[in-house]
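Notes follow once the structure below has been shown.
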2 protein chains.
Amino acid sequence: MTTRRDAVHDTLRQSEGFRSAQDVYAEMRQHGAKIGLTTVYRALQALADGGHVDVLRTDDGESVYRACETGEHHHHLVCRRCGRTVEVAGPAVERWAETVGTEHGFTEITHTVEVFGTCSSCSRVARPA
Amino acid sequence: MTTRRDAVHDTLRQSEGFRSAQDVYAEMRQHGAKIGLTTVYRALQALADGGHVDVLRTDDGESVYRACETGEHHHHLVCRRCGRTVEVAGPAVERWAETVGTEHGFTEITHTVEVFGTCSSCSRVARPA
DNA sequence: TGCAAAATGAAAATGGTTGTCAAAATCGAC
DNA sequence: GTCGATTTTGACAACCATTTTCATTTTGCA
């Protein structure tokens, strides 16, 4: 009962960066897969719930997904131009978040951290913002 | 030409935490203000563009706004239950983001950092997740 | 005062995402 | 293998925050 979900997962794994549900759907159809948009959404949600893929929101509110190489907690360094993504660890940040939260009497502390930049390839190609 | 915008800004300033455009609109109408939803959206965008308010996205894709006390770069510690928000500085995080980006050959580095938790008042009231 | 430019807002359009529901695939028991 | 029950699927419609449109009102300024 997971053929579809695996197919979605595989498609995601073949991508360098974060992809939207619609992206994944379009790509799968192009490769001849018989799958509906609804199913792609459901598969991505299931994968995200199970911690198999990471989710984040673009500035225009789209959810984008990425197959993580590691199951451990990590953050992302994302190229704002081409979407290429590097997984990075930040023990110092984890500690900082925990400390800051505790200092103000907060409990059950979580955090979101994403770093954006222009990767070396992209900055070589075009300079203007 | 800024009466409306100021009114929106004021409404935002009276709030403890982040508010959605629809929230702000509803509240202004309740207080008798004659303003359209479109204008609220436009005002919030203008304020955000001008750096007068901070924007972030909720998990369900809604944009929420908050009047910052400081114009300087800072992050937020947000209570996930009541929305109460504390502005926090994190010099260590700034440096970390910059370093991590540079190490991987990225330029023009920016970052988003938000910390979530349950504030002391809320954790006293109810325990379950 | 007059008029051009900007602001306003009601209503319609947009678009990603979710809900609905009937058809198809899958599973388990016999 | 077969049959009914359960799950999965996907076309389509519904949702809803946000944006666009556009006609009207207000404002800026000579």
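To find a chain, count down the sequence lines: A is the first, B the second, and so on, and within it residues start at 1.
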Worksheet item: Below 4.0 angstrom, N of the basic side chain to O of the carboxylate: do A:R81 and B:E108 qualify?
Response: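 No, this pair does not count.
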Worksheet item: Heavy atoms, side chains only, cut-off 4.5 Å: are A:L47 and A:V8 in contact?
Response: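 In contact.
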In whole angstroms, how far is the [atom2] atom of [N] from the [atom1] atom of [X]?
X: A:D59; N: D:dT18; atom1: CG; atom2: C1'; value: 15 Å
X: A:K34; N: D:dG10; atom1: NZ; atom2: P; value: 11 Å
X: A:L44; N: D:dT8; atom1: CG; atom2: P; value: 16 Å
X: B:R19; N: D:dT18; atom1: CZ; atom2: C1'; value: 18 Å

Practice prompt. Determine whether the aromatic ring centres of B:F18 and B:H76 lie less than 6.0 Å apart.
Written response: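 Yes, ring centres under 6.0 Å apart.
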Discussion item. I want to know whether B:H111 and B:H75 have ring centres closer than 6.0 Å.
Written reply: yes
Worksheet item: Do A:H9 side-chain atoms and A:A7 backbone N/O form a donor-acceptor pair below 3.5 Å?
Response: no
Item to complete: Sugar-phosphate atoms are those with a prime plus P, OP1 and OP2; base atoms are the rest. Using that split, label each nucleotide of nucleotides 10-23 of chain C B, S or - for protein heavy atoms under 4.0 Å, 5' to 3'.
Response: BB----SBBB----
Check residues 96-105 of chain A and write down every donor-acceptor pair under 3.5 Å in which the side-chain atom is one partner and the other belongs to a residue at least two apart or another chain.
residue: A:T99; atom: OG1; partner: A:R95; partner atom: O; Å: 2.8
residue: A:T102; atom: OG1; partner: A:E98; partner atom: O; Å: 2.7

